[in-house]
Amino acid sequence: MEHLIEVEGLYKHFPVKTFWGRKKGAVKAVDGVSFYIDKGKTVGLVGESGCGKSTLGKTIIRMNDVTAGRILFNGEDISKVKGRKLKEIHSKMQIIFQDPYSSLDPHMTVKDIIAEPLRVYRKLSEAEIVKEVSDLLEQVGLRADDMKKYAYEFSGGQRQRIGIARAISVKPEFILCDEPISALDVSIQAQVVNLLKELQEKYKLTYLFVAHDLTMVHHIADVIAVMYLGKIVEIGSSDDVYFNPKHPYTQALMKAVPKIEKDKVLDLNRDILEGDLPSPLDTQKGCSFCGRCPYAEEICKVNVPELKDDGTGHRTACFMHKKMQKNEIKFA
Amino acid sequence: MSGLTKILDIENLNVSFYSDSVKTKVVKDISLEVYDGEILAIVGESGSGKSVAMKSVMDLLPVYAKVSADRFLFEGKKFLEIKGKEKRQILGNDIAMIFQDPMTALNPVKKIGDHLIENIRRHNKMSKKQAESLAIEMLERVGIPSPEKRMKQYPHEFSGGMRQRVLIAMALCSRPRLLIADEPTTALDVTIQAQILKLLKNLHETEKMNIVLITHDLGVVASIADRIAVMYGGRIMETGTKDEILYNAQHPYTKALLKAIPGTENGKKCKLEPIPGSVPQMKDMESGCPFYSRCEHAGEACLCEFGATHDYSDTHKSYCMNDLKQLNERGA
């Protein structure tokens, strides 16, 4: 399978300055991440808020500058491109935002919103634009005469459809879905997820699907990557990670998801992951999860674990992995 | 359930909003009971009127809202007739409320300790010293480490989960009989959500505090609630115990809602079954069933009249014009 995107040792640090402008430290939002996305597939990126998952996505599509590392898009390094070349790259990589309320300009009609990327990236006549926009609206399940309306006339789910139409308007190869469903109602979420899947099949789109809802990610993604404090701690095929999580953080995350199935309902009396995500400002030695990990030992406090393959492509960054396997019954 | 005392007993509650002589009914003829020693969950999508219904209990609705009910009893007192000082004695004291967004509910320029002390002294005759020690005790009770130090900090120094704990501590100060939790975990990560749910459940058991939980997440409901009321378009569609609603739902809306959530078992290959359309505007569903436009079984009668009552057990009721027994037997 051909990799559409390959990320190698990607770092994105945001400098923190004192009042006088002197450098005080850095927020290590993305701290050495390597993975790849196959053409036509979906990678789901999960983690708690503040773990750097959105920053990673936005750095990949070059909305952020790269601190260090390489991003290969179709085999070409795009981590340092600028100017006209960057614009060209952006026409192939689009984004769907989380909040359908603030991501659509209230002063613009739907037609202008969807036509904006067309005007920037493709030279079309006005008549062609109208035709294109009405075509796009119908593809996302809206009506062509909706194009004269303003964003406030639509509900949350319909607005997200407008955002999707805008993203696919320039025929991109890759779309970053940055929590596209977390602001929507349950009954609407399924509509949007199904629409995204339909479009993926139709246009052979590749998605990076950022979310914190594990069940939904499992439903849509082929590969799940779990992030914690700027690093990927576990990555593997969707079913592997979902049904057989290996990293203690993934296991805790999985257990904390409230489920409806009778035998899987979240039991509040069993072990619940305590504590908060530490600040990405504090530089600590060793595994970033060791402060909250129930299995942490001396080695975890000193060394940083690396992603290790178990032979099936399921990679985990944990020292305690082998030990955990032995008393797995206790954990599950 | 009939042997238990009712803490809150509401029959045919109506709430209307008036603007420019236009009257919009947002809560229509809902009847609710909260029994002593239970957690009642009100489930519904945004705009279903679940928050408005409970805010009418707390007198938190805007001036243009009009509340009326055939019966509105809190611990046997006729609640709508109580005014002024007597009501303030009850609100915040016997009934407390916590909100969705813990950041906006706290004053950013006030220390956490002052929030608590103000709240305590508002309802009890206490010296500042006594109030302070009670506040520290409460913070400890909700699981905030080193509470003496935390008392002197400001809300921005707290994480989302910690802020929600502070709000719960504030609500707890007066040892309320009833806690109304309006989407308390919606803004939080899953691991933190589990912590807060555990805390609420603990307090429910140890402090004998009854809880009304407003949420849109059926998974949350499954883990904590005893009884569920499903709301849509300002009406209650179905009520019952947790098991009756989640595993033996009868109403078409409840069933559709349960189907729109990705299950863990039914694999990823199958398509989600979303509810078509979107939640209609309140003004468009004056009479008749609010689910009419999205329901696959809707008939003539549904347009002009709202649901006949179906009783399945002492606790399980649903409101629908269709003959549900026949419908469900056909396997719809």
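Numbered from 1 within each chain, the chains take letters A, B, ... in sequence-line order. All values below come from the heavy atoms of this structure, side chains included, with hydrogens, waters and symmetry mates left out.
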Report which part of [X] has an atom under 4.5 Å of a heavy atom belonging to chain A: side chain, backbone, both, or neither.
| X | value |
| --- | --- |
| B:Pro145 | neither |
| B:Gln195 | both |
| B:Leu188 | neither |

Counting heavy-atom pairs under 4.5 Å with chain A, which one of [options] comes out on top?
| options | value |
| --- | --- |
| B:Arg294, B:Glu45, B:His216 | B:Glu45 |
| B:Ser46, B:Ser159, B:Ala260 | B:Ser46 |
| B:Leu258, B:Asp217, B:Leu197 | B:Leu197 |
| B:Thr186, B:Val190, B:Leu246, B:Asp243 | B:Val190 |

Check: [Y] main-chain N/O paired with [X] side-chain donor or acceptor under 3.5 Å:
| X | Y | value |
| --- | --- | --- |
| B:Asp20 | B:Val22 | no |
| A:Gln189 | A:Ile181 | yes |
| B:Gln164 | B:Pro184 | yes |

- Give the intermediate values and the outcome of salt bridge (Lys or Arg N to Asp or Glu O under 4.0 Å) for residues A:Arg292 and A:Glu48. CA-CA 14 Å; A:Arg292 296 169 83 185; A:Glu48 289 173 277; 3.1 Å; yes
- Message: Is any side-chain heavy atom of B:Ile228 closer than 4.5 Å to one of B:Thr241?
- Response: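 Heavy-atom side-chain distance check fails, nothing below 4.5 Å.
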- Item | chain B contact via A:Ser155 - side chain, backbone, both or neither, heavy atoms under 4.5 Å |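 When you check distances to chain B, only side chain atoms of A:Ser155 fall under 4.5 Å.
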- Query: Relative to B:Phe158, does B:Arg150 satisfy both conditions: NZ or CZ under 6.0 angstrom from the six-membered ring centre, and within 45 degrees of the ring's axis?
  - Reply: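 Yes, B:Arg150 lies over the aromatic ring of B:Phe158.
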- Query: Are any of the side-chain nitrogens in A:Lys53 or A:Glu179 under 4.0 Å away from the carboxylate oxygens of its partner?
  - Reply: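 Salt bridge between A:Lys53 and A:Glu179, a charged N being under 4.0 Å from a carboxylate O: yes.
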- Counterpart residues, side-chain hydrogen bond (donor to acceptor under 3.5 Å, both in side chains), relative to B:Thr215 (two or more places apart):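 B:Thr215 satisfies side-chain hydrogen bond (donor to acceptor under 3.5 Å, both in side chains) with no residue once adjacent residues are dropped.
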- Considering heavy atoms only, which positions within residues 203-213 of chain A lie below 4.5 Å of chain B?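 Residues in range: none.
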- Query: Do the two ring centres, one from A:Tyr228 and one from A:His247, sit under 6.0 Å apart?
  - Reply: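 That pair fails the under 6.0 Å test.
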- Message: Heavy-atom pairs under 4.5 Å with chain B: which of A:Val192, A:Val257, A:Ile260 has the most?
- Response: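 Most heavy-atom pairs within the cutoff with chain B belong to A:Ile260.
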- Message: Students often mix this up, so state it plainly: with edges at 30° and 60°, are the rings of B:Tyr312 and B:His316 parallel, tilted or perpendicular?
- Response: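 Correct class here is tilted.
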